[in-house]
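Whatever order the structure lists ligands and atoms in, that order sets their numbers, starting from 1. The first residue of the sequence shown is numbered 1, and numbering continues consecutively from there.
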Amino acid sequence: MNGTTQELKEKITALKERLDVTVVAHFYQRDEVFEMGDITGDSLELARKTMEDDSKYVLFCGVGFMGQSVKIMSPHKRVVMPRIACCSMAKMIGGEQYENSVQFLEANGITRENIMPVTYINSDADVKAAVGKMGGMVCTSSNAKTIIEKALEAGKKILFVPDRCLGQNIAKGMGLKSCVIGDGSDVNEADIICYDGFCSVHQLFTLGDIAFYRKKFKDIKIVTHPECDPAVCDASDFVGSTSQIIRYIKELPPEQKVAVGTEFNLVNRLRKENTYVLSSTKPECPTMNETTLEHLYETLVAIEQGEPINEIRIDPDTQKWAKIALERMLAL
Ligand code: 13P
Ligand code: SF4
C-alpha cells in the first residue's frame with residue numbers, strides 16, 4: 001500500500017472517531033473503501049443492520065437504491081453517499097415503466113386487483129412506492145424465494161420487477177411458470193411475469209465460461225449469483241446472494257477449486273488460493289467502483305464542516321409507500 005492510501009485511511013479513521021457517523025459498505029466496493037466500513041454485508045444485511053444503528057449520519061458506500069432504502073426506513077437519519085452511483089439495473093425501470101407494465105397486464109385480461117407486485121430491492125424509491133400502493137413488497141437476492149412464497153398466498157399473478165433473471169431463476173427453483181414482458185408468450189399462462197431488466201455485470205458470465213472451467217479442472221465447483229442468466233444458474237453447483245456465496249466458499253476444503261460468477265471485488269477478496277473469476281473479462285460493477293477512498297474522505301470532511309454533500313432526500317408520499325413495501329419484506 002502506498003503512503004498516500006495509508007495516510008488517507010488514517011485521516012478517515014480519525015474523522016470517524018470525531019463524528020457521529022457510521023460508514024456502511026457493500027461487498028462490491030473497492031477493497032480500500034470496504035475496509036473502512038463499520039457495517040458491511042449484502043443488501044439485506046445492510047438494510048437490517050443500518051436500521052439498528054443509532055448514529056446521526058449514515059455514510060453509505062454503495063449504489064443509490066441502497067442509500068435510499070436506509071433513508072426510507074429511517075427518515076430521521078441523515079444519509080449521505082460519497083457517490084450517488086445508480087445501479088444500471090435499477091435505472092431500467094421508473095414509476096412510468098412500472099405503470100406501463102401493469103397496463104400491459106390489464107390489456108391482456110389480468111385486472112389490477114389480480115396483480116401482486118414484487119420489486120427487487122435494486123429499484124428506485126418510486127418503484128418501491130408504486131409496489132407498496134398495490135399491496136406488494138420488496139425482496140433481495142437472499143430472501144426472494146421466501147417473499148415470492150408469501151406473495152403467492154394472495155392467489156394472484158406475480159409481477160416481478162426489474163430483474164428478469166432473478167424472477168425466472170426463482171420461478172424455476174419453485175417449479176413455477178414464468179415469462180418476460182415482451183417475449184411474445186401469453187402472460188395468462190405464467191405464475192410470475194417478469195419485467196425485462198437485467199444486471200449488465202452478471203450478464204457477462206456465460207455457459208462457455210462454465211464449460212472452460214469444467215474442462216480445465218475436473219472437480220471444480222461453479223458458483224453464481226441469481227442475477228446471472230437462468231441457463232448459467234442451471235449449470236452451476238451453487239447459486240446464492242453475495243453473503244450466501246461467501247458462506248458456501250468458506251465451508252469448502254481449501255484445496256477445492258471454485259469459479260465464482262459475481263462482481264470482481266468480492267471474488268478477489270475471497271480466499272486467494274483455488275478461487276477463479278468465472279469470466280474471461282474483469283466483471284467489475286462500474287457504479288459500485290465509482291466510490292473511492294478520496295470520495296469517502298471528502299464526504300466526511302463535508303460533514304465536519306457542517307455542509308454535508310450528496311444527501312439522500314425522498315418526498316414524504318414516496319417515502320411512506322416505499323417504507324410499507326420494505327416493511328412487508330422485513331416482517332418476514
Ligand atoms: P446482494 O443482494 O447479494 O448484496 O446483491 C446486490 C447486487 O446488487 C448484486 O448485483
Ligand atoms: Fe446493479 Fe449489477 Fe452493479 Fe449489482 S452488480 S449494483 S445489479 S449493476
Side-chain angles (χ1 to χ4, degrees), residues 24-30 33-34 37 39-50 60-70 81-94 118-124 127-128 138-148 160-170 194-205 223-229 232-233 236 238-249 260-270 277-279 281-291 326 329-330:
V24 178
H26 186 267
F27 286 131
Y28 290 169
Q29 290 290 296
R30 294 165 184 267
V33 174
F34 185 76
I39 296 178
T40 55
D42 70 7
S43 52
L44 181 61
E45 290 164 346
L46 296 182
R48 281 194 188 284
K49 290 185 199 166
T50 310
F60 204 107
C61 304
V63 284
F65 72 81
M66 296 180 174
Q68 274 187 345
S69 296
V70 175
M81 299 187 72
R83 276 288 172 276
I84 307 184
C86 189
C87 157
S88 58
M89 180 202 289
K91 229 176 177 168
M92 289 176 189
I93 187 168
V118 175
T119 180
Y120 190 23
I121 196 165
N122 296 36
S123 56
D124 193 70
V127 174
K128 291 188 178 81
V138 176
C139 76
T140 74
S141 55
S142 51
N143 65 15
K145 184 169 174 280
T146 312
I147 300 294
I148 298 280
F160 190 85
V161 303
D163 188 10
R164 63 165 186 247
C165 294
L166 181 61
Q168 288 173 300
N169 282 321
I170 296 294
C194 306
Y195 184 78
D196 194 11
F198 58 88
C199 165
S200 49
V201 181
H202 288 88
Q203 295 310 294
L204 295 172
F205 307 107
V223 172
T224 51
H225 192 279
E227 288 175 12
C228 294
D229 188 86
V232 168
C233 291
S236 304
F238 179 78
V239 180
S241 72
T242 48
S243 286
Q244 290 162 350
I245 289 176
I246 293 168
R247 275 198 294 278
Y248 175 85
I249 291 176
V260 189
T262 194
E263 210 273 341
F264 180 83
N265 287 334
L266 187 157
V267 182
N268 194 40
R269 209 179 294 130
L270 291 166
V277 179
L278 182 69
S279 180
T281 63
K282 193 177 178 193
E284 286 177 311
C285 173
T287 44
M288 283 282 185
N289 272 274
E290 275 184 37
T291 303
L326 273 161
M329 169 183 85
L330 293 168

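At the shortest separation from atom 2 (Fe) of ligand 2 among protein heavy atoms lies Cys199 SG, 2.3 Å. For atom 5 (O) of ligand 1, the closest non-hydrogen atom of the protein is His225 NE2, 3.5 Å. Atom 1 (Fe) of ligand 2 has its closest protein heavy atom at Cys87 SG, 2.4 Å.
Under a cutoff of 6.0 Å and an axis angle of 45°, Arg269 and Phe34 form a cation-pi pair.
Within the structure, the closest approach of Ser141 to ligand 1 falls below 4.0 Å when heavy atoms are considered. Under the 4.0 angstrom criterion for non-hydrogen atoms, Glu227 is in contact with ligand 2.
No side-chain donor-acceptor contact under 3.5 Å links Arg30 to the backbone of Asn265.
In the model, Gln68 has a side-chain atom that pairs as donor or acceptor with a side-chain atom of Asp124 under 3.5 Å. The closest side-chain donor-acceptor pair between Ser142 and Thr140 falls under 3.5 angstrom. For the 3.5 Å distance criterion, the side chains of Asn289 and Glu263 qualify, holding a donor opposite an acceptor. A donor and an acceptor atom, one from each side chain of Thr224 and Ser236, are located under 3.5 Å apart.
Selection from Glu263, Gln244, Glu227, His26 by nearest heavy atom to atom 10 (O) of ligand 1 gives Glu227. Relative to atom 3 (O) of ligand 1, the option among Asn143, Thr262, Thr242, Leu166 with the closest non-hydrogen atom is Thr242.
Between Pro286 and Val201, the shortest heavy-atom distance links the atoms CD-CG2, 4.1 Å. The nearest pair of heavy atoms linking Phe65 to Ser123 is CB-O, 3.3 Å.
For ligand 1, none of its N or O atoms has an N or O atom of Ser243 under 3.5 Å away. Distances between N or O atoms of Ser43 and those of ligand 1 include at least one value under 3.5 Å.
Within the coordination shell of atom 2 (Fe) of ligand 2, defined by N, O or S atoms under 2.8 Å, Cys285 is absent.
Near Tyr28, the atoms of ligand 2 lying under 4.0 angstrom from a non-hydrogen atom of the residue are 4 (Fe), 5 (S). Atoms of ligand 1 lying under 4.0 Å from at least one heavy atom of His202, given by number and element, are 10 (O). Near Ser241, with a cut-off below 4.0 Å to any heavy atom, the atoms of ligand 1 are 3 (O). Within the listing of ligand 2, atoms 8 (S) sit less than 4.0 angstrom from a heavy atom of Ser88.
When Thr287, Asp42, Thr262 are each tested for a side-chain hydrogen bond (donor to acceptor under 3.5 Å, both in side chains) with Tyr28, only one passes: Thr262.
In the displayed structure, Lys91 atom NZ is contacted under 6.0 Å by at most 12 heavy atoms of other residues, nucleotides or ligands.
Of all the heavy atoms of Asn122, the ones lying under 4.0 Å from any atom of ligand 1 belong exclusively to the side chain. Contacts between Tyr28 and ligand 1, counted as non-hydrogen atom pairs separated by less than 4.0 Å, involve the side chain only.
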